Colleague: 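Encoded as structure tokens, here's the structure I'll be asking about.
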There are 2 protein chains.
Amino acid sequence: MKLTTKGRYAVMALADIAKFDKNNPISLRDISLRQGISLLYLEQIFSKLKKNEIVKSVRGSNGGYILTKSPEQIKLSNIFTAVQEEIKTVHCKKESKRGCNGKATKCITHNLWDELELHINDFFNKKNLGDLIKGKNERVL
Amino acid sequence: MKLTTKGRYAVMALADIAKFDKNNPISLRDISLRQGISLLYLEQIFSKLKKNEIVKSVRGSNGGYILTKSPEQIKLSNIFTAVQEEIKTVHCKKESKRGCNGKATKCITHNLWDELELHINDFFNKKNLGDLIKGKNERVL
DNA sequence: TTAAACTTGACTATTTTACTATGGTATATA
DNA sequence: TATATACCATAGTAAAATAGTCAAGTTTAA
Ligand code: FES
Ligand code: FES
């Protein structure tokens, strides 16, 4: 069970914007330099964040990205959904009545993995970008 | 974030033993057939479970595997540790003072991922094999 | 003595991840 | 209006991880 860079970088980059935003758009170039993330990779990630209205872009020189809402209103679950960092604990199709490995019924562990998924999503629903940039979580970027 | 088959199969197979054990060893062949898991793959997994004393083996014909403790005493975290299903939410070396991407300090998201890891491990520490085979979690294997 | 079962280590196909490459389009500012 | 600085989109790809398989045993109950 690993968190992929897509999800990690998305949160990192948005936290960077939340922290450095002085009502100006933040360029991907700056984020790339500060966070040590490939610019081209960031572009990919931000394309998704924009489509999902987590950020909006300002084109042209001195352009960049701005959060569409206050950091407190952006939940981690919103970010993860946007970049398609999926939490996948089961191998069966959840909506189907059939189980994994092609069985006719759900397997003995199905409910357990389902609970786990809820448990993890719960965490992401409770945390928001604001939590990251204030209080004891504060760090030097 | 995905749960790998190694962890899923380990729990599935042990639940199978817990359920079908009538004080007799359960053969991997039976588990393989009932759960639809490759026998050769199960052998790999059980080698680790045995080394970590989750199960003990009975050799010879009519042999198989027995749980070393009662299902209630076997926590999911024990199983996951045994088969090396690692929960890895950070990319930095935790024990080190340095951050990910070779930075001198921990990144702004480090604490968050650390909390997430605790949150997930908490779940695995609270659940045991016994929870799987009784009560409302019960399913047809 | 033989078949059923466990044991070990190496090997490999497939999939996923984590990017890079290429070739654009849009626009603020000089 | 030139142009540098941004964003945008699609395709490709090297490396790593996953999910197994294969081969060659050893052990022991019947
Ligand atoms: S995980 Fe859903 S049926 Fe096995
Ligand atoms: S996750 Fe630990 S420093 Fe970035």
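Quick caveat, the model's predicted, so the values are computed rather than measured. Throughout, a chain's letter reflects where its sequence line sits, starting with A, and its residues are numbered from 1.
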Colleague: If you take all heavy atoms of A/Cys100 and B/Met12, which pair is closest and at what distance?
Modeller: SG-CE, 4.0 Å

Colleague: Return the minimal non-hydrogen interatomic distance between B/Lys6 and B/Tyr41, and the atom names on each side.
Modeller: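 Shortest heavy-atom contact: N-OH, 4.1 Å.
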
Colleague: For the CG atom of A/Leu116 and the CE atom of A/Met1, what is their distance to the nearest 0.5 Å?
Modeller: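 These two atoms lie 5.0 Å from each other.
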
Colleague: Nearest-Å distance, CD1 (A/Ile45) to P (C/dT20)?
Modeller: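 After rounding, the reported distance stands at 12 Å.
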
Colleague: Decide if atom CD of B/Glu72 counts as having more than 12 heavy atoms of other residues, nucleotides or ligands within a radius under 6.0 Å.
Modeller: yes

Colleague: Only pairs at least two apart or in different chains count here, so list each ring pair (Phe, Tyr, Trp, His ring centres under 6.0 Å) that has a residue in residues 51-70 of chain A.
Modeller: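 Qualifying pairs, neighbours excluded: A/Phe46-A/Tyr65.
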
Colleague: Please, which pairs that meet salt bridge (Lys or Arg N to Asp or Glu O under 4.0 Å) have at least one residue in residues 82-99 of chain B, sequence neighbours excluded?
Modeller: B/Lys94-B/Asp114, B/Lys94-B/Glu117

Colleague: Whole Å only: how far is the CE atom of B/Met1 from the C1' atom of D/dA17?
Modeller: 16 Å

Colleague: Starting at the 5' end of nucleotides 3-15 of chain C, put B wherever the base has a protein heavy atom under 4.0 Å, S where only the sugar-phosphate does, and a dash everywhere else.
Modeller: -SSSBB-B-----

Colleague: In whole Å, what is the span from the CD atom of B/Gln84 to the C1' atom of D/dA17?
Modeller: 14 Å

Colleague: What integer distance in Å separates A/Tyr9:OH from C/dT17:C1'?
Modeller: 11 Å

Colleague: If I take atom CD1 in residue A/Ile37 and atom P in nucleotide C/dT17, what distance separates them, rounded to the nearest angstrom?
Modeller: 17 Å

Colleague: Whether B/Thr5 contacts D/dA19 is assessed here as follows: a side-chain N or O lying under 4.0 Å from the phosphate OP1 or OP2. Is that the case?
Modeller: yes

